[in-house]
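Got a structure for you, questions after.
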Amino acid sequence: MITHHSPVQFQTKLPEEVDVLIIGGGIIGISTAWFLRQSGLKVLVCDKGRVAGEQSSRNWGWIRQQGRDEAELPIMMESVSIWRELTEQGINTGFHQGGSLYLCENQAQLERYNDFLGFAAKHKLDTQQLNSEQLYALLNNTPKHWRSALYTPNDGRAEPATAVPDLARACVQEAVLISENCAVDYLSITNQTIDGVQTERGYVKCSRVLVCAGHWSARLLHEVGIKLPQLSVKASVARTARAPLLFNGNASGSNLAFRRRLDGGYTVAMSDYLEVFPSVHSLKQASAFLPLLRSAAEKLKLRVYEESACVNPFDNDADYKKIAANRVLNPQPTTAALKRMRNRLDQVLPAMRGIPIVESWAGMIDATPDAVPVMDAVDSLDGLFIATGFSGHGFGIGPAAGKIMSGQIQGHTSEHDLSRFRFSRFNDGSELRLGPSI
Ligand SMILES: Cc1cc2nc3c(=O)[nH]c(=O)nc-3n(C[C@H](O)[C@H](O)[C@H](O)COP(=O)(O)OP(=O)(O)OC[C@H]3O[C@@H](n4cnc5c(N)ncnc54)[C@H](O)[C@@H]3O)c2cc1C
């Protein structure tokens, strides 16, 4: 996990002018820079803290096609190929295709995925239903707690804390400029056209700006009168010491999710424990979020305020000023969630009893009302692009999202249908269709 204590690795001298300025050095910003690197455009990525300091190093590391929204699926399938290519090109991703399992205790749980199975087949994704015998042929050292599973063998995993910084290093080798500890304070606009950005280290002239600032995107856009509905959701995670091999991929079920790590341990989390922090902005758009909140009610816990989560429902302007002050948003993991996780681990996976948890952390997920991202140009502001709101599943799809945004910034038409990810869906009167999950 990367924090504000992690060394600064990217500190280019700020240029006076670039063609494209990317706000946010998470998986989305760095992947976009990667696909722009050979475009002939001069690209600068600014991050207020560290590359991948926030969600992009704190996530579970699942590269999951299984269970995706239908519109995301073809993009996600391309992303798996890109992860493979990046790894073959020597980027230290830790990518491994060990598959994903959704472990089911009964038939009703398995049937929840019937719709997905239908369109997975249409897209020729090799997702299968496993019976108990097939499932336990894949699992080691696990009691027969589950009866069946949904399985996608070519799903992958990667190591978030190394993958994105290493891709950033590869970008720099190909002339992309990256500046850490460089918060963007505001976008500079003349006649509804972007003309530059003001950073804490000076003004940079540019005509194209991509906002991919994760948890902070809505606040940054709010400053220029653009309303992005965004909800902040805290997720607590832990990693164990080296442990016996249970499954060499990603598995989730019985409220527990675990993913084999390259270091031989597991990244572990409660799949049913997410904490929602309303902000001034999300409260104003509360009605947009009601369907999502209702659909995920079992796993969501409402929280009012927590200093380390940096979402304050009573604090309006001061909120924005905290952007630079929060170099790396480092919410504290919730003790109750960690305790439940440990108990669940010991109950469900006896082979993990006595294996210590060696690190725990939390991350703030930025969710949209329909739990699918925005990847779009903003019609009302010439030169502004948004790629945010990846809603708990942006790491795996990040490389393909970066390719899409690189194309949009260069004015190319995507081979993917991006209508589901248009920014205008939040205010053009269309009915929002909920994606499968946060
Ligand atoms: C606990 C957890 C588990 C998850 N598990 C998975 C998973 O297994 N698989 C999966 O696919 N996804 C997962 N996700 C989701 C995934 O991590 C995110 O969707 C993805 O990382 C989002 O990337 P991003 O680049 O949009 O945002 P971020 O990684 O949050 O990056 C945004 C960056 O913008 C910077 N920034 C913000 N404001 C400014 C500013 N004003 N100026 C300059 N820089 C700024 C920040 O410092 C930050 O580095 C998980 C998320 C969490 C929190």
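As the structure is a prediction and not an experimental result, all values here were calculated from the model. Just so you know, ligand 1 is whichever comes first in the structure, and atom 1 is the first atom listed for that ligand. Side-chain atoms are counted along with the backbone in the values below, which use heavy atoms only and exclude waters and symmetry mates.
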Atom of Met405, atom of Ile386 and distance for their closest heavy-atom approach: CE-O, 3.7 Å

Check each atom of ligand 1 against the heavy atoms of Ile23 and keep those under 4.0 Å away; list them by number with element. 40 (C), 42 (N), 43 (C)

Report yes if some N/O of Lys48 lies less than 3.5 Å from some N/O of ligand 1; otherwise report no. yes

Tyr266 and Phe258 aromatic ring geometry - parallel, tilted or perpendicular at 30°/60° bounds: perpendicular

Kindly confirm or rule out an N or O of Ile397 lying under 3.5 angstrom from an N or O of ligand 1. no

Mind checking whether Asn59 contacts ligand 1 via backbone (N, CA, C, O), side chain (CB onward), both or neither, at a 4.0 Å heavy-atom cut-off? both

So, for Trp83 and Phe395, is the gap between ring centers shorter than 6.0 Å? yes

Under 4.0 Å from ligand 1, counting heavy atoms only, is it the side chain of Ala213, its backbone, both or neither? both

Going by heavy atoms in the side chains, are Arg112 and Leu150 under 4.5 Å from each other? no

Considering only heavy atoms of Val237, which atoms of ligand 1 have at least one such atom less than 4.0 Å away? 1 (C)

Which bit of Cys182 gets closer than 4.0 Å to ligand 1, counting heavy atoms only: side chain, backbone, both or neither? backbone

When you check the side-chain N and O atoms of Glu78 and His416, is any donor under 3.5 Å from an acceptor? yes

Which segment of Ser56 sits under 4.0 Å of ligand 1 when only heavy atoms are counted: both

Heavy-atom gap Thr388 to ligand 1 smaller than 4.0 Å: no

Once you measure the plane-to-plane angle for Phe247 and Tyr151, does it fall in the parallel (<30°), tilted (30-60°) or perpendicular (>60°) bin? perpendicular

Run the numbers for me: atoms of ligand 1, each under 4.0 Å from some heavy atom of Cys212, listed by number. 32 (C), 34 (O)

For ligand 1, indicate whether the residue Arg58 contacts it via side chain, backbone, both or neither (heavy-atom separation under 4.0 Å). backbone

Do any N/O atoms on Ala183 end up under 3.5 angstrom from N/O atoms on ligand 1? no

Would Gln109 and Trp146 count as having a side-chain donor-acceptor pair, cut-off 3.5 Å? no

Identify, by atom number and element, the atoms of ligand 1 in contact range of Ile27, meaning under 4.0 Å from any of its heavy atoms. 20 (C), 21 (O), 23 (O), 25 (O)

Looking only at distance, does Met364 have an N or O less than 3.5 Å from an N or O of ligand 1? no

Do any nitrogen or oxygen atoms of His215 come within less than 3.5 Å of a nitrogen or oxygen of ligand 1? no

Run the salt-bridge test on Lys403 and Glu415 with the 4.0 Å N-O cut-off and return the result as yes or no. no

Min over Pro331, Gly392, Gly363, Gly396 of heavy-atom distance to atom 15 (C) of ligand 1 lands on Gly392

Counting both backbone and side chain atoms, is some N or O of Gly394 under 3.5 Å from an N or O of ligand 1? yes

Contact (N/O only, under 3.5 Å) between Trp62 and ligand 1: yes

Show the atoms of ligand 1 that are less than 4.0 angstrom away from any heavy atom in Phe390. 19 (O)

Taking only heavy atoms of Ile365 into account, list the atoms of ligand 1 that are under 4.0 Å away from them. 51 (C), 52 (C), 53 (C)

Pair Ser81-Glu85, side-chain donor/acceptor within less than 3.5 Å: no

Is Glu200 salt-bridged to Arg327, cutoff N-O under 4.0 Å? yes

How about CD on Glu16, more than 12 heavy atoms from neighbouring residues, nucleotides or ligands closer than 6.0 Å, or not? no

Got an N/O contact under 3.5 Å between Ile28 and ligand 1? yes

Verify the neighbour count for atom CG of Asp379: are there more than 12 heavy atoms of other residues, nucleotides or ligands below 6.0 Å? no

Is the shortest distance from a Lys or Arg side-chain nitrogen in Arg259 or Glu159 to a carboxylate oxygen in the other one below 4.0 Å? yes

Using a 3.5 Å cut-off on N or O atoms only, is Val184 in polar contact with ligand 1? yes

Heavy atom under 4.0 Å from ligand 1: found in Trp60's side chain, backbone, both, or neither? both

A student checking ligand 1 against Trp216 at a 4.0 Å heavy-atom cut-off should list atoms 37 (C), 38 (N)

Just distances here: any N/O of Gln55 and N/O of ligand 1 closer than 3.5 Å? yes

Show every salt bridge (charged side-chain N to carboxylate O under 4.0 Å, His left out) that has at least one partner inside residues 328-345, sequence neighbours left out. Asp272-Arg340, Arg342-Asp346

Quick one: does His393 get a heavy atom under 4.0 Å from ligand 1? yes

Write down the atom of His393, the atom of Ile438, and the distance for their closest heavy-atom approach. CD2-C, 4.0 Å

